[in-house]
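Accompanying notes for the structure given below.
Start at 1 and go down the list; that is how both ligands and their atoms are numbered. Every heavy atom of this structure was used, including side-chain atoms; hydrogens, water molecules and symmetry mates were not.
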Amino acid sequence: MKKTIILTAAVLFSAVCFAQKTSDRPVYLDPNAPVEERVEDALSRMTLEEKVGMTTAQSKFSSRGVPRLGIPEVWHTDGPHGIRPEVLWDEWDQAGWTNDSCTAFPALVNLAATWDKEMSLLYGRSIGEEARYRKKDILLGPGINICRTPLNGRNFEYMGEDPYLAGQMVVPYIQGVQENGVAACVKHYAVNNQEFQRTQSNSVVDDRTLYEIYLPAFKAAVLEGNAWSIMGSYNLYNGQFNCHNKKLLVDILKGEWGFDGVVVSDWGGCRDSEEAILNGLDIEMGTWTNGLRGAASDSYRNYHMADPYLKGLREGKYTTKELDDKCRRILRLIFRTSMRPEPNYGRFVCPEHYQAARDISAAGVVLLKNDNNALPLNVPEGGKILLVGENVVKKMVVGGGSSNLKTAYEVNPLEGLQNAYGDKAEIVWARGYVGDTSTSYNMVDTGQDLTDDRSPKELIAEAVEAAKDADVVIFVGGLNKSAHQDNESTDRQQITLPYGQEDVILALAEVSKKLVVVNISGSAVAMPWAGEVDAIVQGWYGGTESGNALADVLTGKVNPSGRLPFTVPFRYEDGPIKTEAQYPGIKEEGDEYWQTHYSEGVYVGYRWYSSKKIKVQFPFGHGLSYTTFEYANAKADQPEMTAGQTLKVSVDVTNTGATDGAEVVQLYINDVKSTIDRPVKELKNFEKVYLKAGETKTVTFEIDAQDLSYFDADKHEWVAEPGKFKALIGSSSEDIRSTVNFKLN
Ligand code: GLC
């Protein structure tokens, strides 16, 4: 009995203490308190110095917390395709850690090419787990800048030429990342569509083009994806630097869209104290102030929003209005990430992540052409497969700039096909050409030595000789992650294949029984040789499992279902960019910065080619399958709609082949008669539908007034003009299978 009394008393006492302790615990430290209460409580306890401290970097990839209050510093990490290897505190140099070889996921353009929102969610969840495991709070990605020119060096990091596709594909990625208590940092906001002079270039864009083409994907990221952070871009828009651009950050992002997250500058993108303070920049990173060009003492005090800000506050030049707003946003991000309610720990380089990388990459591989039953490969037992090209063996997860990654391994196409065939076929490789033989990018070593002193003539002769007795020849070429290829801070200098690859392809075409060309690139490559080859595959930088993913498609283990997220024109000149002023921009006498005029307006990508009836090599949305699909019974549920209604358009899609597969049903809207100049079609919906051989499914799209609208810059609002419209339902932007007419009243 006595024991029971003592025990009860002890339990009661500890309960009281616990309750006491909990009630004493400050609100901001209570993980279960509402975020906004935690924000206000923490803010009320911070000194002026601590508030200013939070708004700038303290190292290359971290910004300050509040040590006195136990509020952690914020750790930022590249990038969109995987968790960047650790660098030194204050340098770009590698830290040389041995525990930071990550999973390299496919380049984002590869994800976009899947047109599969489930794949995007899987991607976000997987990379979010890797960021969480590496204890990072902000993932500096995804990038969603529109592919305005195929020459942009960073198209591989983005999601194609159409704002609707980019918007729909980025939302699940963001949600997947943020489920892990890691903030996605959607970049680079905005109209940042070239690398040429990226920190000195002013994008001159009219409002209608801005709202119809360059903002929608960011708007979806904020309003549908609930992105917790956004990265300002290096360039200027209409004369103001974007890391502190009042119109983009204050009026549109935080004003019209009600963004409650954090605006982070690109590294070195902050150029002015007063603008940064007043125009909505929240965290200043990577600024090149004096003393920061090499590791130094805490030169971070020189940042635009560090001592100069403190000085301005003390002199009464600024109130704490903007500062408190910045800190509220940063605290909100901290309470959503490192101090989130339910701690989770992520996962890193696990089999599931490797499998996800492989599945996503394969789902985005695009079969562009497939004649003479070239694919899937049909090599007899003991047959010979000849692989030709540098990209058969070249490591691609290293390079490209800040999205550069260190991985434990990378499966190249040669290894992928060897894995697939084992000893059932002889697999031979011939170099074919020499492209880029760098052994290190951004101080990450490739571990490869690709030097080869043979002449192009010798290399071609070797490949041609080997091709003569091969059952199939697979040329794997394209671009790579070196300067003026798919690479940050430089643009491409041509749209055709570099390194004399065309000569190799044509020489092989002369002697090969069957010739398959796999183009590995992050954006369109002109293919004047397309008629000379049996099959063409648009491959991508597929990440750690790239070679296995490609082999899965080539062997038929995976039925290709990727669709082009950009147009492949016959020639660069066929495109909408006709003048230097449009690209790469001009710098005239007296201009402080380069001026890039987006005078093509909304006529970007297929909007241009379709409206001008210009034939292209392969259109936006194009992709073949190893099976075939038929569309039937396209209809609307009503002949007309009013602005407040939605109209349903449905179509039956049948897999009429012998192989299970997936079709991407695309809905384009055509405004039959409008008072303003509009593209003849605009993508407004899509659905990737998986069909077993012989199976039929009905795909239904809901159309509302927003889908029919254009942006009226004078009224500053979206306008849907009454009248006739067409719903164009297609397998690509140029392969329209059904048209449904309806009216807006
Ligand atoms: C780079 C890139 C940006 C990257 C940042 C940090 O210059 O523009 O995408 O996240 O700096 O490396």
Side-chain angles (χ1 to χ4, degrees), residues 56-63 74-95 100 102 107-109 127 131 134 136-145 152-159 170 173-174 177 182-201 203 217-218 221 227-236 241-243 262-271 281-288 292-293 303 398-406 441-444 481 483 486-491 522:
T56 64
Q58 61 172 14
S59 76
K60 194 54 88 186
F61 280 97
S62 71
S63 52
V74 179
W75 280 93
H76 310 237
T77 182
D78 287 316
H81 310 148
I83 311 310
R84 183 175 184 158
E86 206 68 21
V87 298
L88 296 178
W89 179 257
D90 193 19
E91 306 295 336
W92 292 109
D93 294 58
Q94 291 297 293
D100 58 351
C102 69
L108 252 61
V109 71
I127 194 172
R134 291 269 286 103
K136 305 298 182 180
D137 307 307
I138 299 186
L139 176 69
L140 301 171
I144 50 174
N145 294 95
N152 179 11
R154 292 186 88 170
N155 284 327
F156 74 99
E157 282 189 65
Y158 303 149
M159 303 186 98
V170 78
Y173 176 113
I174 295 165
V177 168
V182 175
C185 186
V186 186
K187 66 188 186 180
H188 303 84
Y189 185 69
V191 283
N192 176 238
N193 306 93
Q194 66 188 56
E195 289 299 291
F196 176 80
Q197 294 293 347
R198 64 176 179 165
T199 63
Q200 303 294 328
S201 176
S203 300
F218 285 101
W228 292 342
S229 64
I230 291 277
M231 184 187 290
S233 60
Y234 280 128
N235 59 299
L236 300 92
F241 280 105
N242 284 354
C243 288
V262 171
V263 174
V264 179
S265 74
D266 199 340
W267 267 237
C270 178
R271 314 285 283 268
L281 179 62
D282 299 310
I283 299 183
E284 176 186 356
M285 297 299 291
T287 298
W288 294 107
L292 276 194
R293 288 196 179 279
Y303 269 43
V398 183
S402 57
S403 61
N404 179 44
L405 295 173
K406 175 170 82 173
Y441 302 83
N442 275 48
M443 297 174 244
V444 177
K481 301 286 199 66
D486 284 312
N487 185 63
E488 178 180 336
S489 80
T490 60
D491 284 342

Quick one: look at Lys187 and ligand 1, take heavy-atom pairs under 4.0 Å, and tell me if it's side chain, backbone, both or neither.
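The answer is the side chain of Lys187.
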Taking only heavy atoms of [X], which atoms of ligand 1 are found under 4.0 Å from at least one of them?
X	result
His188	3 (C), 8 (O), 9 (O)
Ser402	2 (C), 3 (C), 4 (C), 9 (O), 12 (O)
Leu140	10 (O)
Arg198	7 (O), 8 (O)
Met231	10 (O)

In terms of side-chain heavy atoms, does His188 have a donor or acceptor partner in Arg198 at a distance below 3.5 Å?
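Result is no, nothing qualifies.
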Between the side chains of Asn235 and Asn192, does any donor sit under 3.5 Å from an acceptor?
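Short answer, yes.
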Polar atom proximity, Tyr234 to ligand 1 (N or O, under 3.5 Å):
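Between Tyr234 and ligand 1, an N or O pair is found under 3.5 Å apart.
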Quick one: list whatever passes side-chain hydrogen bond (donor to acceptor under 3.5 Å, both in side chains) with Lys187, sequence neighbours left out.
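Lys187 satisfies side-chain hydrogen bond (donor to acceptor under 3.5 Å, both in side chains) with no other residue.
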Given Arg154, which partner from the list Ser402, Ser403, Ser489 fulfils the side-chain hydrogen bond (donor to acceptor under 3.5 Å, both in side chains) test?
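Per the side-chain hydrogen bond (donor to acceptor under 3.5 Å, both in side chains) rule, the option paired with Arg154 is Ser402, out of Ser402, Ser403, Ser489.
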Heavy-atom contact check, 4.0 Å cutoff: does [X] meet ligand 1?
X	value
His76	no
Arg84	yes
Glu157	no
Arg154	yes

Can you list the steps and then say if Leu281 with Cys270 is a side-chain contact (heavy atoms from CB on, under 4.5 Å)?
CA-CA 8 Å; Leu281 179 62; Cys270 178; 3.8 Å; yes
Would you please name every residue forming a ring-ring contact (aromatic ring centres under 6.0 Å, His included) with Phe196, sequence neighbours left out?
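Counting only residues at least two positions away or on another chain, Phe196 forms a ring-ring contact (aromatic ring centres under 6.0 Å, His included) with Trp594.
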Rounded at 0.5 Å granularity, tell me how far CD1 in Ile144 sits from OH in Tyr158.
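Interatomic distance, Ile144 CD1 to Tyr158 OH, rounded to 0.5 Å: 10.0 Å.
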Shortest heavy-atom approach to atom 10 (O) of ligand 1 - which of Val264, Asn192, Ile138, Asp78
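It is Asp78 whose heavy atom sits nearest to atom 10 (O) of ligand 1.
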Closest by any non-hydrogen atom to atom 5 (C) of ligand 1: pick that one out of Thr199, Asp266, Asn442.
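When every heavy atom of Thr199, Asp266, Asn442 is considered, Asp266 comes closest to atom 5 (C) of ligand 1.
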Does some side-chain heavy atom of Trp267 sit less than 4.5 Å from a side-chain heavy atom of His76?
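Counting from C-beta outward, His76 and Trp267 do come under 4.5 Å.
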Salt bridge (Lys or Arg N to Asp or Glu O under 4.0 Å) evaluation trace for Glu86 with Lys406:
CA-CA 10 Å; Glu86 206 68 21; Lys406 175 170 82 173; over 6 Å; no
Nearest non-hydrogen protein atom, atom 2 (C) of ligand 1
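Checked against all protein heavy atoms, atom 2 (C) of ligand 1 sits closest to Glu488 OE2, 3.2 Å.
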